[in-house]
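Here is the structure we will look at.
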Amino acid sequence: MRGNGTITEEMASQALEMLQVDPLGLDHIDHKLMMGMITRFRGGPVGLDTIAASIGEESTTIEDVYEPYLLQIGFIQRTPRGRVVTHTAYEHFNMEMPE
């Protein structure tokens, strides 16, 4: 506990920073998932089990916990060939999308 018990914008920002949550609400696992897809698989398409194995997470956890929000904010798309990172995600991570 820090401060005097009153939650201020500054205190909330500090807490989110300590928890490694970015302004869009992405935590370190979201970042690991997205960066894994971008750096290892050039943004996809890549299968769920392959993603899971490459970052050391269970595929069911990715599918049930992390993927829904990433789909909602338009960072990934599900295609018949696998998951694909979108242009929006590349912009968020200040990276250029491969051709």
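Shown here for G43 and Y90, the closest heavy-atom pair between the two residues is CA-OH, 3.4 Å.
Distance check, rounded to the nearest 0.5 Å: CG of L24 to CD1 of I73 gives 5.5 Å. I38 CD1 to F93 CZ: the interatomic distance, rounded to the nearest 0.5 Å, is 6.0 Å. Note: T50 OG1 to R40 CZ = 12.0 Å, rounded to the nearest 0.5 Å. From Y69, atom OH reaches atom CG of D27 across 10.5 Å, with rounding to the nearest 0.5 Å. Here the OH atom belonging to Y66 is positioned 9.0 Å from the CG atom belonging to L33, to the nearest 0.5 angstrom. One finds the CG atom of L26 at 5.5 Å from the CZ atom of F75 (value rounded to the nearest 0.5 Å).
The environment of CD in E91 is crowded: more than 12 heavy-atom neighbours from other residues, nucleotides or ligands sit within 6.0 Å. For H31, the NE2 atom sits in a packed shell: over 12 heavy atoms of surrounding residues, nucleotides or ligands are nearer than 6.0 Å.
For the pair S59 (side chain) and A52 (backbone), a donor-acceptor distance under 3.5 Å is absent. Checked by atom type and distance alone, the side chain of D64 never pairs as donor or acceptor with a backbone atom of T61 at under 3.5 Å.
Considering only heavy atoms from C-beta on, Q77 stays 4.5 Å or farther from R83 through its side chain. Side-chain contact between I51 and I62 is present, with heavy atoms from C-beta onward closer than 4.5 Å. Contact check for M37 versus R42: no side-chain heavy atoms found under the 4.5 Å cut-off.
For residues 69-78, the salt bridge (Lys or Arg N to Asp or Glu O under 4.0 Å) pairs, not counting sequence neighbours, are E63-R78, E67-R78.
By the rule that hydrophobic residues join a cluster once side-chain heavy atoms approach within less than 4.5 Å of another member, I55 and V84 end up as members of separate clusters.
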Apply the test side chain to side chain contact (heavy atoms under 4.5 Å, CB included) to residues M34 and H92: give CA-CA distance (whole Å), side-chain angles for both, the deciding distance (0.1 Å), then the verdict. CA-CA 11 Å; M34 296 303 302; H92 178 74; over 6 Å; no

Output, in order, the C-alpha distance, side-chain angles, deciding distance and verdict of side chain to side chain contact (heavy atoms under 4.5 Å, CB included) for I76 and L71. CA-CA 5 Å; I76 59 172; L71 286 164; 3.9 Å; yes

